[in-house]
Amino acid sequence: MRRTQNEDGFAVVAAIILLTVIMGLGLGLLLFTDSQQKASTREQASEAAFNVAEAALNAQVGQLSRKWPQAETEMPERCTSSSANSGTNDCPTSADLKLDPNTGSTTCSGTEAWGSSLSNQWTTYVRRDIGESPLFSTEEKSQLSYASSEGGALWVRAVGVVQCHPVTVVTLVTRQRVSVVVPEDAIVGNWFKTTNNGNKVIVDRKGKAAEAAQVGMRCEPPRSRASGTCEEYDASKEQVSPPISEHPVTSATTLTSSQLATLKSEAQAHSTFYSPTSPYHCPSSMTELQGATLSSSTRAPVYVEGCGALNVKANGTANTETNPGFLVIANGTFEVSGTATYYGIIYAANLQKSTEAVVKLQGKANVIGGIIVDSTGGIEFGSSGENLEFDSLAIHNLTISAGAAATRNSFRILSAGQ
Amino acid sequence: MNRVRGEQGFTLIELLVTMAITTVVFGSTLSVLDVFQSNNRFDQLRNENQDNARTTLDRLSKQLRNIVARTTSGGAVPGALEQAEDYAVTFQTVDTTKATSGNNTVNAMRVRYCLDNSNDENEILWEEVRRWETTEAPELPSSKVCPDKTSGDWNSLTQVVQHVTNRIGGQGQENETGESRWLFVYSAKETPEILSVNANLFININPKQTRPGESELTSGVSLRNANRVPVAEFTATEEGNRTVRLNASASYDPDGLSLTYKWWDNGEELPTTSQQYLTKTAFTNGSTQKFKLEVINPGGLSAHTERALVIK
């Protein structure tokens, strides 16, 4: 047989081995590239999911800042991207979170640690802080989703999902309130008068305090042009006790327009906003003038707007001595008669710039706190007895909502099981 | 006669020429292969190095996001970072690699990133980690050497990025656009005031050249957990009946959070937590009243100030 036709040799085997080696190398390279690609995609998804979670967290904190949940009905068990609504509860709305819908996926199966479907692009949970530790714990899951007490704090847990990859972040949110600075006087206005000639105390500007508060009259222009006075009462009958010795001049407006706007929105949030415009109404009883309790020493304001000559002829009591309230009459006048008692500050912004009596206390109506009337408006006291007893606590307790904010050092990125 | 059985062969010249050609061809092929392999290896190292740099910046970002602001037995400590230098940063972060153990309920660990430029041709970024099981974190190491190999300072030292060029040619060198080449750039000079960190890594992508080809990787993180000290300011004004109006409306929190107020009159705490307060008692003429204000922010940091007022 010719040598060239000899079938002895290892060419085929060598070729197969060589091919196997090359294929192995190729496959290895493919797997390496694939794993690198997957790792890169996973990393990218993780970063995107973190951004979504952080955005959801910020939106929920912003929502709590606008309206703090006071009752169970105000906050669902969870808020999700698929159930984002138009603001009927305290969940973020679609407008709050303008995310690219393509980053989410509706095809993901399974749930995150607290049970929300991974098909939700974002989910937020609000839970009451159990307060045992400054840290978030999984025990928060079973807590209520609102905090009615002023000092209560809420945990916000937000989950962002991108390409079925969830990232969870948490932060502790506390309510923010700031003091409202008003003159520490028994009454403030352009003028005041009493309509009784009896020998009795009608305005007690000392109350239970060690020292009497002052009476701040602007007197621009004077109530009585003839006498140039702005205090019409019978000093000889001690209707103002102790007798007025000083009359500090105060500024024409006590609160700014932005403070008024904040008070209005806070009253709306706590259902203590009154207006003749639907769906609201004007108050007719002392009960309706009581501010919502935020804590043992803080109440939400009551805000009345556009009710014209509001006359509450009623008995009963609004607020308490230890937790006085804050009644804001934005425009119009306010008159109370009967045997009603109001604990707190009555503030008439007098936006209509009236020069007449803006606040009238008639009969045995009694205010334990103080009365402030802005601009050129006056205060008129009635007939049957003491109408005002100064209480500095009502002034010291005046606070205004400054929203809610994340507490520093509470932000955490949670591990998968938390 | 069949040619394959012929005894005629190649001449010596033919063999020598063939061998010479073969040598040249194989030599060239091997040289090309060598260069190819060398370049391939270099590319692989370069990609690996850049991958390491990216991974390190990602890890640094995550750790900074999960930063733990320090607390001691004396309470909260302002700021989030422990040390902030141009080429090193030290902070505490949540350890996500293992579960909580011992009394370290926060599961915090201390991390330090520092640039070692002892070798001009190969600056190295180190990650140093310290873990503990006590309630309080161990003392911050005093050594600023990189890497800090002092026994007990750190549990682990890891080279995370090589061929860094931030300090090549000397500290503070600027790049072509005039920007600084500091590894870490902060939002404020003082550590307690820092709210964000930017990390800029310059990587040498061609170590064989005299002037390195560079790639710049950057990342910035806002420190959400950083807590800053509030500012305490107040006025004390005498009013009628020898009373004094205390007004702390000039006090503020740098982060815009609401404050709690505490007042003292000659060492005795006043019954109010309001921003403004009018004292109740009539002070004696000529007496000096020392008022003290303490403001506390929601993160637990406080500041106080005092003011004396002579009653007229």
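Letters A, B, ... mirror the listed sequences (proteins, then strands); counts begin at 1.
Neither the backbone nor the side chain of Arg54(B) comes within less than 4.5 Å of any heavy atom in chain A. Interface residue Asn227(B): backbone and side-chain heavy atoms are both found under 4.5 Å from chain A. Only the side chain of Asp51(B) comes within less than 4.5 Å of a heavy atom of chain A; its backbone N, CA, C and O stay farther away. With a 4.5 Å cut-off on non-hydrogen atoms, Val167(A) does not touch chain B at all.
For the pair Leu257(B) and Ala406(A), the tightest heavy-atom approach, listed with the atom from each and the gap, is CD1-O, 4.4 Å. Of all heavy-atom pairs between Pro298(B) and Gln176(A), the closest is CG-NE2, 3.9 Å. Of all heavy-atom pairs spanning Gly299(B) and Thr407(A), the tightest one is CA-CG2, 4.5 Å. Considering every non-hydrogen atom in both Lys62(B) and Ser46(A), the closest pair reads NZ-OG, 4.0 Å.
Atoms CZ and OG1, from Arg412(A) and Thr93(B) in turn, are 8.0 Å apart once rounded to the nearest 0.5 Å. Ile67(B) contributes atom CD1, which lies 11.5 Å from atom CD1 of Ile413(A) (distance to the nearest 0.5 angstrom). In this structure, CG on Leu223(B) lies 9.0 Å from CZ on Arg408(A), to the nearest 0.5 angstrom. With rounding to the nearest 0.5 Å, the separation of OG1 in Thr171(A) from CG in Asn225(B) is 7.0 Å.
No more than 12 heavy-atom neighbours from other residues, nucleotides or ligands sit within 6.0 angstrom of CD on Gln44(A).
When each of Val68(B), Leu259(B), Val94(B), Thr96(B) is scored by its heavy-atom pairs under 4.5 Å with chain A, the top score falls to Val68(B). Among the candidates Asp255(B), Asp58(B), Thr272(B), the residue making the largest number of heavy-atom pairs closer than 4.5 Å to chain A is Asp255(B). Comparing Asn247(B), Thr55(B), Asn66(B) by heavy-atom pairs within less than 4.5 Å of chain A, the highest count is held by Asn66(B). The candidate with the highest count of non-hydrogen atom pairs below 4.5 Å against chain B, out of Val178(A), Val181(A), Leu398(A), is Val181(A).
For the pair Glu54(A) and Arg224(B), the salt-bridge criterion is met [side-chain N within less than 4.0 Å of a carboxylate O].
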